Amino acid sequence: MDNKVNEPRVTVEEVSGVIEAAPGTTIYEALRDAALSGFKSIVVEGSKATVTWLKRS
Amino acid sequence: MANVNMTQGLKVVGDRASGVAGAGGAMAGMSVDDNASFTATDTNAGSTGGAPAHFQGNALDSTPTGPAAATPYVVSHVMTLTTGQYNTFVVKRIGLHNSNAPGAATNTLMFGIDGLALTKQSTFSLVITFKLSYS
């Protein structure tokens, strides 16, 4: 008999942020201003940058 | 960087799921501040480190919607810091609250993540997505 029991749990799965540059500002200027650190990844597309701080899967 | 499940948050989730009388409200707001860390026994943003020097609490952009049943079941909570909010201050912590008007001293802190560093400026808005997984 498989005695493994699924343990119900609540987990913080992912926390991310999308930085969108204000009109008249480039995303690179915005990222410079943000002076980011302590993140896992960053993806820049157009005027937005998606910063991932935590991702489990 | 660490994520923290506040014991208060776990109680609210469990009470709501089991229909316990007087269960706390659902996740409805999010906050950012510049205290260093969270602790599992925190009930508000000032529980660890005292009242934050800088704090911004907003309602979620919209009521979370539930995806199709899955394992794990993941619900997203979204909040926007506008170009006019929290400027020149450092985002070090993000908190998820069961209030649509979270304050630094309101006992509505349910889950959180700390150890971040992002200086908010007027040159950008920041849309934060906080996902909870139920498994």
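Chain identifiers are assigned alphabetically (A, B, ...) following the order of the sequence lines, protein sequences preceding nucleic acid strands; residue numbering begins at 1 within each chain. Quantities reported herein were computed from a predicted structural model and do not represent experimental measurements.
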Query raised in the report: Is a side-chain donor or acceptor of B:Thr39 paired with a backbone partner of B:Thr41 at a separation under 3.5 angstrom?
Result: no

Query raised in the report: Is a side-chain donor or acceptor of B:Asn98 paired with a backbone partner of B:Gly25 at a separation under 3.5 angstrom?
Result: yes

Any idea which of [options] has the most non-hydrogen atom pairs under 4.5 angstrom with chain B?
| options | result |
| --- | --- |
| A:Gly17, A:Ala21, A:Ser16, A:Ser47 | A:Ser16 |
| A:Leu54, A:Leu31, A:Asp33 | A:Asp33 |
| A:Ala34, A:Ala22, A:Gly38 | A:Ala34 |

Requested in this report: Give, for atom CD of B:Gln56 and atom CD of B:Gln85, the distance between the pair rounded to the nearest 0.5 Å.
Outcome: 4.0 Å

Requested in this report: Find the distance between OG (B:Ser122) and OH (B:Tyr86) and round it off to the nearest 0.5 Å.
Outcome: 15.5 Å

Requested in this report: Mark yes or no: B:Arg93 above the aromatic ring of B:Phe38, with NZ or CZ under 6.0 Å from the six-membered ring centre and no more than 45 degrees from the axis.
Outcome: yes

Query raised in the report: For the candidates B:Val4, B:Asn5, B:Leu10, which exhibits the highest count of non-hydrogen atom pairs separated by less than 4.5 Å from chain A?
Result: B:Asn5

Sort [X] into side chain, backbone, both or neither according to what part of it lies under 4.5 angstrom from a heavy atom of chain A.
| X | result |
| --- | --- |
| B:Phe111 | side chain |
| B:Ile128 | both |
| B:Ser125 | both |
| B:Leu118 | both |

Requested in this report: Could you tell me whether A:Tyr28 atom OH has more than 12 heavy atoms of other residues or ligands within 6.0 Å of it?
Outcome: no

Report task. Pick one of side chain, backbone, both or neither for A:Lys48, based on which atoms fall under 4.5 Å of a heavy atom in chain B. Result -> neither

Query raised in the report: Does the distance from a Lys or Arg side-chain N to an Asp or Glu carboxylate O, for A:Glu14 and A:Lys55, drop under 4.0 Å?
Result: yes

